[in-house]
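Working notes, beginning with the structure itself.
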2 protein chains.
Amino acid sequence: MLPKALEDAIEALGRLPGVGPRTAERYAYYLFRSDKKISENIATAISDLHDKIKSCPVTFALIDKDEEVSPLYSNPSRDKSIILVVEEPLDIYAIEQTHSYKGTYHVLGGVVSPIDGITPDDLHIKELSDRVEKDDAKEVIIATNPSIEGEGTALLIDRILHEKYPELKITRLARGLPLGVDLSYADQITLQAALDNRTNI
Amino acid sequence: MLPKALEDAIEALGRLPGVGPRTAERYAYYLFRSDKKISENIATAISDLHDKIKSCPVTFALIDKDEEVSPLYSNPSRDKSIILVVEEPLDIYAIEQTHSYKGTYHVLGGVVSPIDGITPDDLHIKELSDRVEKDDAKEVIIATNPSIEGEGTALLIDRILHEKYPELKITRLARGLPLGVDLSYADQITLQAALDNRTNI
């Protein structure tokens, strides 16, 4: 009943994460009504994603196809003795935006999640351990997400690294109240952490 | 800091309606991680939108480029003496899914909205009026959205058509309680309409 091309676009856009048929319809119809240039830009940009981006072989950050390793690693101003460990490549850019971290990064590529069939071997933990030795790291900051899987993965990495490098300092991001969240809306665990880790004014 | 191709994709996807930088990031990263085929499908489907779809010159529904007029108009089983008027092409498919309407459609292409600079002349009202005469229509069902602009546009069309065709029956979709909505959550105007238009059980 719908024109075939519109149906195809709705189906294709419906493959994006969290996009249902209604939203896909809205996207497709919007693109149809808008200037052709917008559709062309999106089509080109999406095609380029696979052709022009690769994973850094050292840190597993995303880099341009013609780069050897991530500039956040190769740059001599970055302190290689500190490694901040994140779940996904985009987490790096969240940290970078604070402009206050000068160490290097290591992307795990996910978290241990038995339900999704992701075991420790699927993550770049071995490579992290090797880097600690190779770069003579003094500190590993574990910055996994504050989820059950994230916490579990953090504890696992802590155990593995501590066993192999008893001298290594292993830290994680502080838990506490985020900016702008009312005390009465904070969950119990966050509030407990905020209380335990209270600081002098 | 991000690879250029990823930044481009995030910017391009951020042009979709209601998509902010965070969501665009999620889409782009998802596409990068998924099979290349998914990205290719979306890219092709989006490009085809402009090349393979056009507006029906009679009803302004969306049709395949190689069709003359909408099959919902040309099909002899559709009753041309009833015209159902909608704001946007996709509204047609919502009505069609009820499988209970056998008349034809007419797409306005929007609603009168002074704030957005959309005047009656920007809509296909003149073409609707011409169709009433040409198809010897007996009834026009105005199915604009139950918004302020939709109501205003409905009243305007009613006035224009009534003046020109005093015999024409002009109706609109019933107001009442939608399925599954608790009485206590219904707004006052809807409840008033549901009461005024109450039916025998």
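Protein chains get the first letters and strands the later ones, always in sequence-line order, with residue 1 at the start of each. These numbers come from the heavy atoms of this one structure, side chains and all, not from hydrogens, waters or symmetry mates.
Counting non-hydrogen atoms of other residues, nucleotides and ligands closer than 6.0 Å to CD of E11(A) gives a total of 12 or fewer. Heavy atoms from other residues, nucleotides or ligands lying under 6.0 Å from CD of E68(A) number 12 at most. In this structure, I189(A) places its CD1 atom where only 12 or fewer heavy-atom neighbours from other residues, nucleotides or ligands lie under 6.0 Å away. At most 12 heavy atoms of other shown residues, nucleotides or ligands fall within 6.0 angstrom of atom NZ in K169(B). In E127(A), the CD atom is crowded: over 12 heavy atoms of neighbouring residues, nucleotides or ligands sit closer than 6.0 Å. Applying the 6.0 Å contact sphere to CZ of R15(A) captures no more than 12 heavy atoms from other residues, nucleotides or ligands. No more than 12 heavy atoms of other residues, nucleotides or ligands sit less than 6.0 Å from atom CD of E133(A). Crowding of R22(A) atom CZ: a count of heavy atoms from other residues, nucleotides or ligands under 6.0 Å not exceeding 12.
Minimum interatomic distance between A12(B) and A45(A) (heavy atoms only, all atoms of both residues): CB-CB, 4.0 Å. Shown here for A5(B) and D64(A), the closest heavy-atom pair between the two residues is N-OD1, 4.4 Å. Contact detail for P3(B) and Y93(A): the closest heavy-atom pair is CD-OH, 4.0 Å.
In terms of heavy-atom pairs under 4.5 Å with chain A, the best-connected choice from P17(B), A43(B), S39(B) is P17(B). Each of L72(B), I53(B), I46(B) has some count of heavy-atom pairs under 4.5 Å with chain A, and the biggest count is that of I53(B). With chain B as partner, the option from N41(A), L13(A), L49(A), T44(A) having the largest number of non-hydrogen pairs under 4.5 angstrom is L49(A). Heavy-atom pairs under 4.5 Å with chain A were tallied for E25(B), R26(B), E88(B); the largest tally goes to E88(B). Among the candidates I38(B), I92(B), L90(B), the residue making the largest number of heavy-atom pairs closer than 4.5 Å to chain A is L90(B). The choice from D51(A), V19(A), L2(A) that makes the most heavy-atom pairs within less than 4.5 Å of chain B is L2(A).
Not one N or O on the side chain of H50(B) forms a donor-acceptor pair closer than 3.5 Å with the backbone of R33(A).
For D35(A), the part sitting under 4.5 Å from any heavy atom of chain B is the backbone (N, CA, C, O) and nothing else. Using a 4.5 Å cut-off between heavy atoms, Y30(A) contacts chain B through its side chain alone, with no backbone atom that close. Only the backbone of S34(A) comes within contact range of chain B, judged by heavy atoms closer than 4.5 Å. With a 4.5 Å cut-off on non-hydrogen atoms, P71(A) does not touch chain B at all. Both the backbone and the side chain of L6(A) come within less than 4.5 Å of a heavy atom in chain B.
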Worksheet item: Does the salt bridge (charged side-chain N to carboxylate O under 4.0 Å, His left out) test come out yes or no for D48(B) and K4(A), once each step is laid out?
Response: CA-CA 10 Å; D48(B) 283 354; K4(A) 172 93 171 47; over 6 Å; no

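The pair K52(A)-D8(B) does not meet the salt-bridge criterion, since no charged nitrogen lies less than 4.0 angstrom from a carboxylate oxygen.
Between E40(A) and S47(B) there is no side-chain heavy-atom pair separated by less than 4.5 Å.
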